[in-house]
Asks: 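Following this message is one structure expressed as structure tokens.
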Number of protein chains: 2
Amino acid sequence: MGDNTHIRSMLLAQDLMATTSDAAPERLARSAGQQPLYSTLAEMLSREIYEGKYPPTTTLPSEKELTERYGVSRQTVRFALRMLRERGLISSHPGIGTIVREPVRTQGRFKALNSAEALLQFVEGTEMHATSLREIIVDAELGEQIECKPGLLMSEATFVRKTPGEDLPMSFVKIYVPPRFAAAQQKPIVSNTPVYQNIEKMFNVRVREIRQDVTATVLDEELAGILQTAPGEAALQMTRFYYDENQQLLQVTVSFYPRSRYTQSARFRVDDEA
Amino acid sequence: MGDNTHIRSMLLAQDLMATTSDAAPERLARSAGQQPLYSTLAEMLSREIYEGKYPPTTTLPSEKELTERYGVSRQTVRFALRMLRERGLISSHPGIGTIVREPVRTQGRFKALNSAEALLQFVEGTEMHATSLREIIVDAELGEQIECKPGLLMSEATFVRKTPGEDLPMSFVKIYVPPRFAAAQQKPIVSNTPVYQNIEKMFNVRVREIRQDVTATVLDEELAGILQTAPGEAALQMTRFYYDENQQLLQVTVSFYPRSRYTQSARFRVDDEA
DNA sequence: AGGTATTTGTTCGTATGTATT
DNA sequence: GAATACATACGAACAAATACC
């Protein structure tokens with residue numbers, strides 16, 4: 001991140017100027033070891049859209065104009081726009097231009113290979129109450145559980161998930177994030193935007209795949225206390241691995257659902273053979 | 001799609017040649033009004049992967065080689081690979097190459113379930129040892145569990161499910177069948193054809209949808225004895241409802257999987273919004 | 001350990017096609 | 001039909017990550 005800041009502010013200043021002057025735009029080059037140029041540009045445009053510079057239903061400057069304004073090639077512009085398109089921020093239409101889309105509900109984004117939307121729908125409309133945040137070194141046992149090499153540094157945050165109307169918590173969640181994305185964990189005490197969405201926004205990546213392992217466990221005294229259940233109650237233990245399109249691990253969550261508070265339901269359809 | 005066929009067969013023939021000869025590959029051009037070239041190429045590669053030409057964990061030919069083999073630019077190859085990557089078929093790594101991914105992860109006690117087919121196959125690969133068979137009147141508690149009205153007559157069979165080769169049973173299963181299909185339950189003591197297949201064959205119906213509810217439980221003495229586990233061990237309790245295309249209930253199964261013997265694994269992908 | 005070759009990632013330039021105004 | 005804007009496709013070059021000797 002560090003050195004990128006000056007690039008972005010440079011870009012911003014230049015961008016603001018470009019709207020009011022005809023000054024020849026300076027060339028922009030990627031500093032060594034930084035994020036790709038198109039990624040930086042996507043971040044910038046995304047921020048400007050959120051800030052209201054390009055309101056929904058209006059069009060962005062054309063690709064040609066963007067290449068001139070930022071002094072980058074059309075390919076770079078297109079790659080940046082592609083990222084925004086994949087995040088649902090814009091839509092592109094030949095002959096028309098690039099239109100800023102209305103912010104959409106993030107629900108329904110997840111469509112399972114096997115149709116388990118019901119499985120993730122409950123994430124909406126729940127409150128996450130942070131209970132701890134720390135950095136840990138992965139030991140052998142945890143490494144086994146979250147499938148990463150022992151000795152690695154990870155950021156661990158713990159939460160209690162509550163349904164807004166309910167008194168008793170629905171589940172206890174531990175979220176592990178690689179140090180690269182740790183900044184996304186610095187959040188308010190109570191939140192209802194999932195951590196992965198913070199990572200997506202802050203680091204310009206996208207969750208493309210989730211693997212979920214389900215097993216059963218018996219709640220120990222500590223967990224039973226946190227969840228306010230009878231000690232010894234059975235619980236579902238779900239481990240979810242979030243990956244981007246390059247199989248890069250973005251986060252791992254380990255959740256405990258007491259049997260009395262949650263049942264997972266999924267539907268499978270049998271296809272006709274072609 | 002129609003006219004595309006000749007292009008693809010041309011590509012295929014050329015591809016097969018290229019592996020055994022040094023003949024200069026013919027250039028390929030997109031016919032008017034067709035799908036993009038990279039899209040056609042992606043389709044081809046995808047099919048070849050499914051057909052086993054490029055098995056999982058092996059690498060695809062390098063981008064340079066693909067450009068030569070198909071006579072297209074590197075950009076076209078990269079766009080095609082990008083499509084496959086977004087579908088989770090491959091992953092790319094600088095210095096290494098493009099690796100064909102395993103369709104699912106299947107190792108140890110982890111079994112992947114991503115579709116009804118996988119679920120049904122999973123059932124087929126196991127041995128069922130019958131332990132009891134009787135007719136019962138559904139009481140209030142069971143009615144709640146299998147979602148049918150108390151007072152109804154159902155045929156109940158119980159089994160121990162074993163992986164061939166393994167000593168210890170994997171799970172304990174109770175199968176409930178409505179009286180009109182009860183004849184399908186009259187079976188040998190040891191079997192590996194699932195009950196639902198008997199119902200399909202005998203009554204000329206087909207399973208079209210399966211709903212699966214998952215919760216956790218603690219094994220009681222009786223179940224621990226049957227499953228030969230430590231009493232008090234946690235277990236996954238899965239209830240599956242089998243329906244035909246008219247939403248007619250064909251059978252209900254209630255299974256208990258000790259935590260040490262089975263973990264359910266599923267993979268979900270996130271789609272782009274169109 | 002070090003240097004070279006290979007492979008994917010990024011970026012530029014350019015040309016042409018297609019859809020809309 | 002002409003102008004505009006995005007989509008596809010080619011070529012070329014360098015950077016970064018990895019493998020091999």
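Just so you know, these numbers come straight off a predicted model, no measurement behind them. Side chains are part of it too, since the values below use all heavy atoms of this structure and drop only hydrogens, waters and symmetry mates. Letters A, B, ... are given to chains in the order of the sequence lines, protein chains preceding strands, and every chain is numbered from 1.
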Asks: Which heavy atom in A:Ile146 sits nearest to a heavy atom in A:Phe241, and how many Å separate them?
Replies: O-CE2, 3.3 Å
Asks: Quick one: which of C:dG9, D:dA9, D:dA7 gets closest to the side chain of A:Ser92?
Replies: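 The nucleotide sitting nearest to the side chain is D:dA7.
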Asks: Looking at B:Arg47 and B:Glu43, is there a salt bridge between them, counting it only when a charged N and a carboxylate O are closer than 4.0 Å?
Replies: no
Asks: With a sphere of 6.0 Å drawn around CD of A:Gln248, does it hold more than 12 non-hydrogen atoms of other residues, nucleotides or ligands?
Replies: yes
Asks: Can you measure A:Arg74 atom CZ to D:dC6 atom C1' for me and round it to whole angstrom units?
Replies: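 The distance from CZ of A:Arg74 to C1' of D:dC6 comes to 6 Å, rounded to the nearest Å.
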Asks: Report the residue from A:Ile210, A:Asn198, A:Val195 that forms a side chain to side chain contact (heavy atoms under 4.5 Å, CB included) with A:Gln251.
Replies: A:Val195
Asks: Using whole Å, what does the distance between atom C1' of nucleotide D:dA19 and atom CD1 of B:Ile99 come to?
Replies: 13 Å
Asks: On the six-membered ring of B:Phe79, is A:Arg82 placed so that its NZ or CZ lies under 6.0 angstrom from the centre and within 45° of the ring axis?
Replies: yes
Asks: Using a 4.0 Å cut-off on heavy atoms, which residues in residues 76-84 of chain B reach DNA chain D? List them by number, or say none.
Replies: B:Thr76
Asks: Atom CG of B:Leu41 to atom P of D:dC10: distance rounded to whole Å?
Replies: 10 Å
Asks: Using whole Å, report how far CD of A:Gln75 lies from P of D:dC10.
Replies: 13 Å
Asks: Nearest-Å distance, CD (A:Gln35) to P (C:dT11)?
Replies: 10 Å
Asks: Could you state the atom-to-atom distance from CG of B:Leu66 to C1' of D:dA9 in whole Å?
Replies: 17 Å
Asks: Could you pull out the closest heavy-atom pair between B:Leu84 and B:Ala42, with the gap in Å?
Replies: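 Closest approach of B:Leu84 to B:Ala42, heavy atoms only: CD2-O, 3.6 Å.
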Asks: Identify all pairs in which a protein N or O lies below 3.5 Å from an N or O of nucleotides 1-7 of chain C, and state each distance.
Replies:
from, atom 1, to, atom 2, distance (Å)
C:dT7, O2, B:Gly95, N, 3.0

Asks: Would you call A:Arg208-A:Glu86 a salt bridge at under 4.0 Å N-O?
Replies: yes
Asks: Is it the case that more than 12 heavy atoms not belonging to B:Glu51 sit under 6.0 Å from its CD atom?
Replies: yes
Asks: Looking at B:Tyr38, does any N or O in its side chain come under 4.0 Å of the phosphate oxygens OP1/OP2 on D:dA9?
Replies: no
Asks: Answer yes or no: is there an ion pair linking A:Glu63 with A:Arg74, defined by an N-O contact shorter than 4.0 Å?
Replies: yes
